[in-house]
There are 2 protein chains.
Amino acid sequence: MKDEKKRGRPRGFDPKAALGKARDVFWDRGFAAASLDNLSAATNLNRPSLYGAFGDKEDLYLDTLEGYRQDGMDVLIEALDPSLPLRDNIARVYAGALAIYLHGETAARGCLLIGTASAEAVQHERVREVLGRSLNDFDDEIEKRMRLAVERGELPRSADPQMLARLASAVMHSLAVRARAGDSRETLEAIARSGVEMICGSAP
Amino acid sequence: MKDEKKRGRPRGFDPKAALGKARDVFWDRGFAAASLDNLSAATNLNRPSLYGAFGDKEDLYLDTLEGYRQDGMDVLIEALDPSLPLRDNIARVYAGALAIYLHGETAARGCLLIGTASAEAVQHERVREVLGRSLNDFDDEIEKRMRLAVERGELPRSADPQMLARLASAVMHSLAVRARAGDSRETLEAIARSGVEMICGSAP
DNA sequence: CATATTTTGTACCGTTTCGCATTAAATTCT
DNA sequence: AGAATTTAATGCGAAACGGTACAAAATATG
């Protein structure tokens, strides 16, 4: 269903791969400081090709954010596999986050959304919307697992799934910020372990 | 000791006030998207005056970050007044943070450091240094109070002051990000309350 | 009052920015 | 084969950018 031959000259590049390269540029430099020349060089696409395929710079940025959000949700859902104990789930969420955050040429990149979209969120409403939606979707997914934990007795009946989820997310937000601030992997892993303990302290 | 009359023409403006206006510009737009025209307009200073007083744009930005950091530390230290119960201390820390974060023309501004310095942290080493140092100083100040709480018996002997402090900070980092993402004051206050409960749960 | 020194305001310089106009190339449809 | 359609490459252009040169203004010193 994707090979319906289109009429004109075919694309000489893979839009998904190009989006991945653009994402790296935005990740390192942020939206405002990433120039179309940077993006053009990284993607090996001329500016008109970029423009034709993705729209203007803000459109391109929003596309990369959407893709990142989706990838993140996939990682999250896999980490929250309900056949595992809650404690393992949360530990896997943090491990998955750190695997993404601790990767950069000069310095760790942290989270694309928290690290770069936050900066634009005040002035660019569409960016703020994606950021807010992403955070909420993450919370909701964790909350689902927390509710299940209460039903199963992994957590006491008195536990508040929504608040536990938001606090679990909070630790992840902190990991994102601290990674970009230059904290060591050891420090971040220690915080993640403490976070698991704090969130799942009452779980077996 | 500040009126040692200097030789040339005296300044026609208050550098501290100008720095405050510049801070607002960076807070709303971030570093990269804030132009010297924006800063010049907000401070009512010509670009040469700005340059003469603070150096180039990055110097000016770093100055605003330093000032913000210092102000934040003052608020934090006041909130952590050791004559109050630990629970009140942490609640005051979050209340103080939200008072700063929830203030903006178009949308809430969140934290200047977390919201804007994070974006530049990967590429600008000096910004990363200020950000990292700020986060650490905050952690350390809270940790001091946590240690006191253990000594006093407000927390069990088994409590880990460093980790409790880092988790208390984590909730604040999350408040900063969520404020900038557009979360309501009610939501943020609920998270803050849950954070207090989670951190001080075992405290009287 | 003249000179030295610092700040202020205007105007400008070279670069970089984003976006597009235009033309050449590659493919499908008739 | 030729028309139609889509993509690719070059390059342009108007605007915005950060930073500064320069001269006028304001103060202290001698």
Side-chain angles (χ1 to χ4, degrees), chain A residues 1-19 21-23 25-26 28-65 116 119-120 123-124 126-127, chain B residues 1-19 21-23 25-26 28-65 116-117 119-120 123-127:
Chain A
M1 59 167 64
K2 70 195 296 190
D3 302 28
E4 298 163 11
K5 298 195 179 174
K6 282 178 300 183
R7 282 259 308 202
R9 174 173 175 172
R11 284 230 164 99
F13 64 95
D14 172 15
K16 269 195 109 168
L19 226 49
K21 294 291 188 184
R23 176 192 291 189
V25 174
F26 286 128
D28 276 353
R29 311 177 91 97
F31 169 73
S35 72
L36 285 185
D37 281 341
N38 296 147
L39 295 162
S40 176
T43 56
N44 281 315
L45 290 175
N46 305 312
R47 263 162 309 175
S49 295
L50 265 177
Y51 198 84
F54 305 108
D56 69 10
K57 190 176 135 181
E58 185 172 328
D59 292 331
L60 174 57
Y61 180 58
L62 289 166
D63 271 3
T64 69
L65 290 185
T116 75
E120 313 296 329
Q123 300 267 320
H124 294 96
R126 295 159 72 196
V127 175
Chain B
M1 63 166 65
K2 71 197 295 192
D3 300 28
E4 299 165 10
K5 296 192 178 177
K6 280 178 302 184
R7 283 260 307 202
R9 175 173 174 171
R11 284 226 164 102
F13 64 95
D14 172 17
K16 268 196 111 169
L19 225 49
K21 295 292 189 183
R23 177 194 289 190
V25 173
F26 286 129
D28 277 353
R29 313 175 90 99
F31 169 73
S35 71
L36 285 186
D37 281 341
N38 297 147
L39 295 162
S40 176
T43 56
N44 280 313
L45 291 175
N46 304 314
R47 262 163 308 173
S49 295
L50 265 178
Y51 198 83
F54 306 107
D56 69 11
K57 190 178 137 181
E58 185 172 329
D59 293 331
L60 174 57
Y61 180 58
L62 289 167
D63 272 2
T64 69
L65 291 185
T116 75
E120 313 296 330
Q123 300 266 323
H124 294 95
E125 192 179 340
R126 295 159 72 197
V127 175

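Numbers restart at 1 for each chain; the letters A, B, ... are given by sequence-line order, proteins then strands. FYI, side chains are in, hydrogens and waters are out, and symmetry mates aren't considered; it's all heavy atoms of this structure. In this text, all values refer to a predicted model and were calculated from it rather than measured experimentally.
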Check whether any side-chain heavy atom of B:Val25 sits under 4.5 Å from a side-chain heavy atom of B:Thr64, and report yes or no. no
Roughly, in whole Å, what's the span from NE2 in B:His124 to P in D:dG18? 12 Å
When you get a sec, tell me which of C:dG9, C:dT27, C:dA21 is the closest nucleotide to the side chain of A:Pro10? C:dT27
Rounded to whole Å, CG of B:Asn46 lies from C1' of D:dT20 at a distance of 13 Å
Could you pull out the closest heavy-atom pair between B:Leu65 and B:Ala117, with the gap in Å? CD1-CB, 4.1 Å
How many Å lie between CG on A:Leu45 and C1' on D:dA8, as a whole number? 10 Å
To the nearest angstrom, the CG-P distance between B:Asp14 and C:dT7 comes to 15 Å
Give me the residues of residues 51-60 of chain B where at least one heavy atom lies under 4.0 Å from an atom of DNA chain D, by number, or none. B:Tyr51, B:Asp56, B:Lys57
Within a strict 4.5 Å, meaning less than it, do heavy atoms of the A:Asp59 and A:Phe54 side chains meet? no
Contact under 4.0 Å: B:Ser49 side-chain N or O vs C:dT8 OP1/OP2: yes
I'd like to check the ring-ring contact (aromatic ring centres under 6.0 Å, His included) partners of A:Phe31; sequence neighbours left out, ordered by chain and number. A:Tyr61, A:His124
Give each protein N/O atom lying under 3.5 Å from an N/O atom of nucleotides 13-15 of chain D, with the pair distance.
none

Excluding sequence neighbours, so at least two apart, what forms salt bridge (charged side-chain N to carboxylate O under 4.0 Å, His left out) with A:Asp56? none
How close or far is atom P of C:dA11 from atom CG of B:Leu36, stated in whole angstroms? 19 Å
Report the distance from atom CZ of B:Phe13 to atom P of C:dG9, rounded to the nearest whole Å. 10 Å
Dump every N/O contact between nucleotides 2-5 of chain C and the protein below 3.5 Å, one line per pair.
none

Enumerate, atom names and distances included, each donor-acceptor pair closer than 3.5 Å involving a side-chain atom of residues 9-18 of chain B, sequence neighbours excluded.
unit_1  : atom_1 : unit_2  : atom_2 : d
B:Asp14 : OD1    : B:Lys16 : N      : 3.1

Please enumerate all residues that pass salt bridge (charged side-chain N to carboxylate O under 4.0 Å, His left out) together with B:Glu125, with sequence neighbours excluded. none
With sequence neighbours left out, what residues match B:Gln123 under side-chain contact (heavy atoms from CB on, under 4.5 Å)? A:Asp28, A:Arg29
Contact under 4.0 Å: A:Ser35 side-chain N or O vs C:dT16 OP1/OP2: no
Can you tell me the distance, in whole Å, between the CZ atom of A:Arg11 and the P atom of D:dT5? 18 Å
Closer than 3.5 angstrom, by distance alone: can the side chain of A:Lys57 be matched with the main-chain N or O of A:Ala34 as a donor-acceptor pair? yes
Among the nucleotides C:dC18, D:dA9, C:dG9, which one has an atom lying closest to any side-chain atom of B:Pro48? C:dG9
Take atom CG of B:Leu50 and atom P of D:dC17, then tell me their distance rounded to the nearest Å. 14 Å
Please tabulate, for side-chain N and O atoms in residues 43-51 of chain B, each donor-acceptor pair with protein atoms closer than 3.5 Å (sequence neighbours left out).
unit_1  : atom_1 : unit_2  : atom_2 : d
B:Thr43 : OG1    : B:Leu39 : O      : 2.7
B:Thr43 : OG1    : B:Ser40 : O      : 3.4
B:Thr43 : OG1    : B:Leu45 : N      : 3.4

Looking for any heavy atom pair under 4.0 Å, which part of the strands does B:Ala34 touch: base, sugar-phosphate only, or nothing? sugar-phosphate
